[in-house]
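Here's the structure we're looking at; comments come further down.
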Amino acid sequence: LTLQHALFLDFDGTLAPLQDNADTVHINEAQHETLLQLSHARDGALALLSGRDVRDLAARTPRGVTRIGNHGLYALAPDTDPDGALDPLPASLERALNAAVGRQDGAYLEVKGPVGTVHYRACPDAGPMLIDAVQTAVATHKNYKTKLGNHVAEAIPIGADKGSALERAMSSPPFAGRIPVMVGDDTTDEDAFLAAQRLGGFGVKVGRGETVARKQLANVSAVWAWLGASL
Ligand SMILES: [Mg+2]
């Protein structure tokens with residue numbers, strides 16, 4: 001990793017270990033400081049790129065870096081705050097997703113602006129049933145698609161993906177002209193690995209599993225060790 005690299009970092013499962021309850025996932029003060037240093041050393045060419053609602057992501061991460069949430073739909077420049085005006089999830093879609101999680105103990109729906117996320121980490125056996133329910137609900141909303149991740153099935157607007165978000169960021173300062181590196185742990189990061197590699201950089205897959213990324217790191221601790229070594 002050099003100062004020529006623009007860094008794109010997923011949050012859950014990449015910078016912080018996954019938890020049963022997504023609300024308890026966090027990074028510590030020293031890690032906040034490391035992210036700020038990595039960003040400042042690159043004139044701000046560091047973005048957190050997460051499927052979380054951008055307001056939720058902003059509450060867990062340093063205000064001094066670029067934060068891109070909702071699978072790339074909303075970007076916050078350094079030192080700016082979310083304005084709270086996100087498009088809503090269509091009410092009919094929210095009702096259908098709520099009905100699906102209501103049939104299953106341990107499953108819950110998280111609404112993140114226009115994105116509806118069904119979580120089933122606490123009841124993994126119900127995964128196929130819940131995935132099917134999300135796909136059925138999405139089928140009647142033509143601007144939506146289903147995105148599967150680690151114990152989540154999401155209804156997300158077409159065009160919302162981390163690869164497009166990375167490409168948009170790379171088209172302007174402070175990212176333009178640098179070599180993109182995307183670090184992530186999940187299937188939703190694969191689009192961004194491909195985008196980074198198309199633009200001359202590389203992807204870094206965290207954990208096991210099939211991936212298009214050219215580099216792999218074992219876990220969250222290995223990510224911090226790797227990032228820290230470049231300071
Ligand atoms: Mg992740």
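Bear in mind the structure is a predicted one, so any value in this text is a computation, not a measurement.
L1 has its side chain within reach of L227: a pair of non-hydrogen atoms, C-beta onward, lies under 4.5 Å apart. Within the 4.5 Å cutoff, the side chain of F8 has heavy atoms near those of the M170 side chain. Two residues are said to be in side-chain contact when any heavy atoms from C-beta on lie closer than 4.5 Å; T14 and V220 fail this criterion.
Side chain of R178 to main chain of L7: no donor-acceptor pair is present (N/O by atom type, distance under 3.5 Å, no hydrogens or angles). Between the side chain of H40 and the main chain of Q37, no donor-acceptor pair closer than 3.5 Å is present.
Using modelled atom types and a 3.5 Å distance limit, the side chains of H32 and T61 yield no donor-acceptor pair. No donor-acceptor contact under 3.5 angstrom links the side chains of R52 and N70, judged on distance only. In the model, Q135 has no side-chain atom that pairs as donor or acceptor with a side-chain atom of T146 under 3.5 Å. One side chain, D161 or S164, offers a donor N or O that lies under 3.5 Å from an acceptor on the other.
Pairs engaging residues 187-207 under the salt bridge (Lys or Arg N to Asp or Glu O under 4.0 Å) rule: K147-D191, K162-D189, E167-R198 [sequence neighbours left out].
When each of D12, D53, D23 is paired with R60, the salt bridge (Lys or Arg N to Asp or Glu O under 4.0 Å) condition holds for D23 and for no other.
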### Task
Before giving the answer on side chain to side chain contact (heavy atoms under 4.5 Å, CB included), spell out for I158 and N143 the whole-Å C-alpha distance, their side-chain angles and the decisive distance to 0.1 Å.
CA-CA 6 Å; I158 287 169; N143 298 324; 5.5 Å; no
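No close placement of the F11 and H26 rings is indicated, their centers lying 6.0 Å or farther apart.
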